[in-house]
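Shown next, in structure tokens, is the structure this report addresses.
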2 protein chains.
Amino acid sequence: MRLVVARCSAHYTGRLSAHLPLATRLLVVKADGSVLLHSDGGSYKPLNWMSPPCSMAVSVPDEDAVARGVTQVWAVQHAKSDDRLEIELHEVVHDSSHSLGIDPGLIKDGVEAHLQAMLAEQIELLGTGHTLVRREYPTAIGPVDILARDSTGGTVAIEIKRRGDIDGVEQLTRYLELLNRDPHLAPVRGVYAAQEIKPQARVLATDRGITCVLLDYAAMKGTDDVDSRLF
Amino acid sequence: MRLVVARCSAHYTGRLSAHLPLATRLLVVKADGSVLLHSDGGSYKPLNWMSPPCSMAVSVPDEDAVARGVTQVWAVQHAKSDDRLEIELHEVVHDSSHSLGIDPGLIKDGVEAHLQAMLAEQIELLGTGHTLVRREYPTAIGPVDILARDSTGGTVAIEIKRRGDIDGVEQLTRYLELLNRDPHLAPVRGVYAAQEIKPQARVLATDRGITCVLLDYAAMKGTDDVDSRLF
DNA sequence: GCGTGTATTTCGGCA
DNA sequence: TGCCGAAGTACACGC
């Protein structure tokens with residue numbers, strides 16, 4: 001990994017065109033050849049970058065560029081597309097290289113899969129008498145997160161999201177349409193369960209007769225008996 | 001901006017829990033207090049990070065940690081939530097600080113907004129006699145990109161994408177269903193306009209009576225009289 | 001390899 | 001400020 005701090009400008013062409021005016025920035029060249037261009041703010045996203053696989057060619061600036069104060073030019077070309085990032089470096093403030101080795105990677109916990117597991121175990125949160133049929137109930141267009149039965153024996157298809165957006169309603173709608181063709185299951189009721197449901201998603205869901213349920217992750221985790229296995 | 005290369009492990013708790021085993025990584029501390037933890041690969045996304053606003057407290061490791069080889073502990077706490085990132089540093093390979101100043105930021109060109117603006121100005125690309133009603137025509141489930149009238153006075157709802165995928169067809173279908181309930185507008189015809197339309201999207205659109213239109217960005221830009229303001 | 005669905009998404013725009 | 005949709009989305013998992 002090479003770290004360079006320099007005054008620079010940059011130009012990207014590929015899926016869009018973008019330009020970065022002259023300013024001092026951090027340039028990171030990773031071992032796989034990818035390049036990140038970071039400012040001193042924003043968030044984790046670089047101002048500009050090139051993803052691997054790509055290769056970088058360093059060249060001497062032409063006369064015109066030298067006159068503008070350019071000391072070197074980096075041309076980073078993506079290996080499989082026309083994506084191209086050109087960086088003109090002016091003063092270089094810092095330049096160092098470091099050997100990092102391969103990273104063991106991140107271990108995660110607490111994403112949608114956990115919500116699904118916990119709701120499956122606490123299916124009565126949807127109402128007294130609800131019973132689990134199975135998680136990841138398979139259909140022709142993909143698995144339904146949870147299939148259950150309510151106290152009257154009616155089938156309930158549940159779509160789970162961390163953030164309930166409008167596309168989740170579409171997803172559930174497609175499942176419901178398919179499931180309702182199965183005479184063993186029909187009629188199937190839909191439940192959209194999420195930690196947070198956007199107003200527009202709620203409107204669309206309600207319009208289609210889908211019930212919205214808010215999930216309280218902390219409360220569910222508190223009564224989750226498999227909690228202990230996490231870490 | 002502070003750059004540190006060090007052998008470290010990390011623990012994140014917040015919207016999820018995550019752990020990073022001991023390895024050598026780049027740690028970037030930005031001027032706004034945010035912290036990035038990068039490996040020598042992956043992509044532009046850090047292995048772990050803390051977004052601003054947040055604050056970092058450096059402390060001396062306890063006896064137990066010292067025994068594990070920890071030389072310092074960074075506790076990064078988000079200012080507005082419970083998000084917390086703890087980093088245990090072992091050997092520090094590199095440590096430098098740099099003043100970068102405020103970045104002028106990225107200037108983009110060629111995104112969906114440009115396509116929309118240009119098509120609104122060149123609405124006759126859809127056929128002679130087409131007139132613009134308005135851009136971002138509001139509905140209960142979100143704004144339609146462009147609403148127009150054709151030469152016969154019929155209403156046309158236009159969905160614009162850079163890359164025409166299947167979800168854009170779904171989106172337009174929802175709008176059409178809603179708009180067709182409005183007696184002042186009905187019947188409303190749908191047009192799916194994109195620089196590139198995926199075969200599956202084209203099939204679905206055609207099946208639903210939606211017209212597909214390919215947008216030639218370069219050609220549209222050539223006749224765009226506000227072109228001069230870009231860059 | 002491609003398609004699908006998630007993400008500590010981030011980012012910008014508009015009400 | 002909050003909500004909503006786009007992103008050079010990236011990324012993992014399924015087939």
Side-chain angles (χ1 to χ4, degrees), chain A residues 12-18 34 37 42-52 54 76 78 80-85 105-106 108-116 136 138 140-143 145 159-168 170-172 174 194-204, chain B residues 10-18 34-37 42-52 54 76 78 80-85 105-106 108-116 135-136 138-145 159-163 165-168 171 198-201:
Chain A
Y12 165 78
T13 53
R15 277 168 272 193
L16 57 68
S17 301
S34 59
L37 235 155
S43 69
Y44 70 68
K45 197 174 182 180
L47 289 165
N48 224 323
W49 71 94
M50 184 59 71
S51 308
C54 62
V76 191
H78 196 267
K80 295 188 174 179
S81 73
D82 291 333
D83 286 35
R84 188 178 178 80
L85 176 62
L106 190 67
K108 286 187 187 183
D109 167 37
V111 281
E112 188 195 304
H114 288 85
L115 284 175
Q116 190 194 109
E136 303 286 350
I141 54 169
D145 285 344
E159 175 65 33
I160 299 173
K161 293 276 181 220
R162 215 168 47 73
R163 280 176 39 183
D165 246 319
I166 212 163
D167 54 340
E170 293 291 3
Q171 204 176 332
L172 179 53
R174 289 196 296 272
Q195 283 185 275
E196 177 198 350
I197 296 180
K198 292 294 164 66
Q200 294 196 352
R202 187 180 288 274
V203 167
L204 186 63
Chain B
H11 228 84
Y12 165 79
T13 54
R15 277 167 274 191
L16 55 67
S17 302
S34 58
V35 177
L36 316 185
L37 236 156
S43 68
Y44 68 69
K45 196 174 181 180
L47 290 165
N48 222 322
W49 71 93
M50 183 61 70
S51 309
C54 63
V76 190
H78 196 267
K80 296 188 174 180
S81 72
D82 291 334
D83 286 35
R84 189 178 176 80
L85 175 63
L106 189 68
K108 287 188 185 181
D109 172 31
V111 283
E112 189 193 301
H114 288 88
L115 287 175
Q116 193 194 106
R135 290 167 55 186
E136 302 288 351
T139 77
I141 55 169
V144 180
D145 286 343
E159 175 65 34
I160 299 172
K161 292 277 181 220
R162 217 163 41 71
R163 283 172 39 182
D165 246 322
I166 211 160
D167 54 342
Q171 204 176 331
K198 295 289 168 66
Q200 293 190 351

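So you know, we letter chains A, B, ... as the sequences are listed, proteins then strands, and number each from 1.
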Do any side-chain nitrogens or oxygens of B:Arg135 fall under 4.0 Å of OP1 or OP2 in C:dG13?
-> no
Write down the distance between CD (A:Gln116) and P (C:dA7), rounded to a whole number of angstrom.
-> 12 Å
Passes side-chain hydrogen bond (donor to acceptor under 3.5 Å, both in side chains), A:Gln171 versus A:Lys161? Steps please.
-> CA-CA 11 Å; A:Gln171 204 176 332; A:Lys161 293 276 181 220; 3.2 Å; yes
Under-3.5 Å N/O pairs linking protein and nucleotides 10-13 of chain D:
from   : atom 1 : to      : atom 2 : distance (Å)
D:dA10 : O3'    : B:Ser43 : OG     : 2.9
D:dC11 : OP1    : B:Ser43 : OG     : 2.5
D:dC11 : OP2    : B:Ser43 : OG     : 3.3

Tell me: CG of B:Leu115 to C1' of C:dG13, nearest whole Å?
-> 17 Å
Length of the CG-P vector between A:Leu16 and D:dA7, whole Å = 9 Å
Polar atoms only, N or O, under 3.5 Å: list the protein pairs with nucleotides 1-4 of chain D and their distances.
from  : atom 1 : to       : atom 2 : distance (Å)
D:dC4 : OP1    : A:Gln200 : N      : 3.0

Using atom NZ of B:Lys108 as one end and atom P of C:dT10 as the other, report the distance to the nearest whole Å.
-> 15 Å
d(CD, A:Glu170; C1', C:dT4) in whole Å | 15 Å
State which residues pass side chain to side chain contact (heavy atoms under 4.5 Å, CB included) with A:Ser34; sequence neighbours excluded, sorted by chain then number.
-> A:Lys30, A:Asp32, A:Pro52
Who pairs with B:Arg135 by side-chain hydrogen bond (donor to acceptor under 3.5 Å, both in side chains), at least two apart in sequence or on another chain?
-> B:Gln116
With sequence neighbours left out, what residues match B:Arg84 under salt bridge (Lys or Arg N to Asp or Glu O under 4.0 Å)?
-> B:Glu86
For B:Met50 and B:Glu136, take the nucleotide of DNA chain C holding the closest heavy atom to each; which residue's nucleotide lies nearer the 5' end?
-> B:Met50
Residues at least two apart in sequence or cross-chain that pass side-chain hydrogen bond (donor to acceptor under 3.5 Å, both in side chains) with A:Ser81, listed by chain then number, are A:His78, A:Asp83
Side chain to side chain contact (heavy atoms under 4.5 Å, CB included) against A:Lys198, all qualifying residues, sequence neighbours excluded | A:Arg163, A:Asp165, A:Glu196, A:Ala201
Using a cut-off of 4.0 Å on non-hydrogen atoms, how would the nucleic acid contact of A:Leu106 be classed: base, sugar-phosphate, or nothing?
-> base
